[in-house]
Amino acid sequence: MRMVGAASVLFGLFMLAACGGPKAPESPVAANVDGERIAAAANDPANWLTHGRTYAEERFSPLAQIDDSNVNKLGLAWFVDFGSTIGLEATPLVIDGVMYTTGVWNLLYALDARTGKEIWRFDPQVNKAWMRYMCCGPANRGAAAWKGRIYFATIDGRLIAVDAASGKPVWDVRTTDPSEPYSITGAPRVVRSKVIIGNGGAEFGVRGYVTAYDVETGKQVWRFHTVPGNPANGFESPAMEMAAKTWSGEWWVAGGGGTAWDAFSYDPALNLLYIGTGNGSPWQRDLRSPGGGDNLFLCSIVAVNADSGEYAWHYQAVPGENWDYNCVQQMTLAELEIDGKPRKVLMQAAKNGFFYVIDRTNGKLLSAHNFVPVNWASHYDMATGRPVEIKENLYTDTESKLITPSPFGAHNWHPMSYSPKTGLVYFPAQESSYVYSRLPKYEHRKMRWNLAQNPDVKLPPGVTEVIPSTTKGYLLAWNPVTRSEAWRVDHRGPWNGGVLATAGNLVIQGAADGRFVIYRADDGGKLWEMPIQTGAVAGPISYEVDGEQFIAVAAGWAGSLPIIGGGLSNVHHAPSRLLAFKLGGTATLPAASTPTLPSPPASTASREVIARGETLYGQWCRICHGGNLVSSGMTPDLRYMTAETHQGFNDIAVRGTRANKGMPPFADVINDADADAIRAYIIERARRDSISSLLPLGGEGTGEGQQ
Ligand code: CA
């Protein structure tokens, strides 16, 4: 197979050269990308060379063959199923007719971008049991390309360089300490021959950092920590010494957090790399830093010199972060006219519900305006650049507060798009609330969840009942200059797909309900849609091969909300699938399959045992297998375990006999009697539920409104 793969890539490149396809390389070098080519991406519309298409992370395609007058002729060109229901978050790259993308469990693929035909695949053999130390599933958001190599990172903390022609590994470096609960889900970027990668894990307790590695050798060039460590060990940089003055107590025991797990952008003229940093560890600030303080650089945008990693400036959106509000959301660079003056800006639609416009030369806040209802802060004080918190809404160990946005965020990692043609920014916005209450006392638990939240402090009756009716999701078109909404399209619920805008006056988005939809960029009018049988969260791309424009998306509902709130989806256990569309495309999807589901066995467990099982499930299983035992498909739905799984349940749950499939052992926290109780609860729940709750609905979206 490898021989065939290598032959077909050479053949493909020969064909490109022979046919004079768009931007065919002079010589047949795979992934022929460098900094000059990325910097000139605006004039290279056929390709998608880096994660956000350009270093500015605009996610705007200049292609206009498909436009608002002919998009009704769009059809499926090809699709690839990855044989899994785990979901996909990746943005593929397309370079001179070859698509590079990550699939499930961090597999890396090279595909013929015209046909979807596989050229090669590389399996990094990740430690699947590392799932236990991941908040939000084994996701990966994509790869980077540079001078004949493809770079990507793995859930278990490795950064790998692969030869773009052969799919063979070149180097494989460990970028996190395997004795700490770090994970990597983000896509690397390559800047001036350095591969940049961050990491995640703040929910478990780690210290965030970003590292730059030499593209050739994989040797570390620099590392920028996003929060300070124990001062007794010395500071890595003057920036860490400055940051440490904004913390108190022994914050380093829980790591502090601030993990840069998703967004970067880069300005070649300023040679500044922008880093979006994460929430605090633990979430609650008084338990994290008892003497108060801003806790730099939590929930900040930090600019560093791309060559040295040296601190240049920071803007902290949420000083003393307290709500899992991270600032890792996409940072898009643009030139905007603000108050009559042209400004080099950086834009972010943050999890906390505010849209920020920042002067990217110096970090000065130009505007911060909420794009959803929020109740943690009333507004930003433009003199100081700081949010004005609503004091009566602060939560304590005796008083819970219902706060919006929730930890799912008003906008999360899901890619956004900026169209220089319309001047609008497009992103999936959502409204949701969460009950926050802190523990009376907190002690860091190594390799466990560390949120310092107390779910036992209840709100007055009636308050939480509003949560379902106030949970919403919509596609938002936002004007960053007038700081106002241009238009919106309501969706069935939250956690919809990333967005692509094109020069053809199109805005393209997959929805959680299993549809792929195209709107007019200027007014949001719906132009086209197709059921794709699976919810989409990743960002679509567009590219051109042999004179034909394609639109592609990695579909499959993935991330924090699906993994715990699978019941919110109407397309359960749906395929992880890559789809490409073109004008006149005639490919068709197979009929959505209907799984044959086993019935639960008989059980004689007492009510007490079932209740204990429910408690244990909530403690150890719910975070991956779903609230109320409903899974979206990222993990098996335990209500429908086979007889074989029931038989081996204790060995699986306690001793890890399916660790190689992603189910880690829990022997350190549960014993066989506990596992029996959990299984009794599962059986009880399965008997209560109708089997039909698991059947996929095949993307028959309902409730879609538009204006
Ligand atoms: Ca978080």
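In each ligand, atom 1 is the first atom listed, and ligand 1 is the first ligand listed. All heavy atoms count here, side chains included; hydrogens, waters and symmetry mates do not.
Side-chain atoms of R59 and H51, non-hydrogen and from C-beta on, do get closer than 4.5 Å to each other.
Among Y434, F408, W376, the single residue meeting the ring pair (Phe, Tyr, Trp, His ring centres under 6.0 Å) criterion with W323 is W376.
A centroid separation of 6.0 Å or more is found between the aromatic rings of Y315 and Y274.
Inspection of the environment of the Ca ion (ligand 1) yields the following protein N, O or S atoms under 3.0 Å: E203 OE1, E203 OE2, N279 OD1, D324 OD1.
Ion pairing between a basic and an acidic side chain is recognised when a charged N comes within 4.0 Å of a carboxylate O; R285 and E389 show such pairing. Look at E443 and R445 and you find no salt bridge, because none of the NZ, NE, NH1 or NH2 atoms lies under 4.0 Å from a carboxylate O.
Within the structure, every pair that satisfies the salt bridge (charged side-chain N to carboxylate O under 4.0 Å, His left out) test and touches residues 179-191, not counting sequence neighbours, is listed here: E57-R189, E180-K446.
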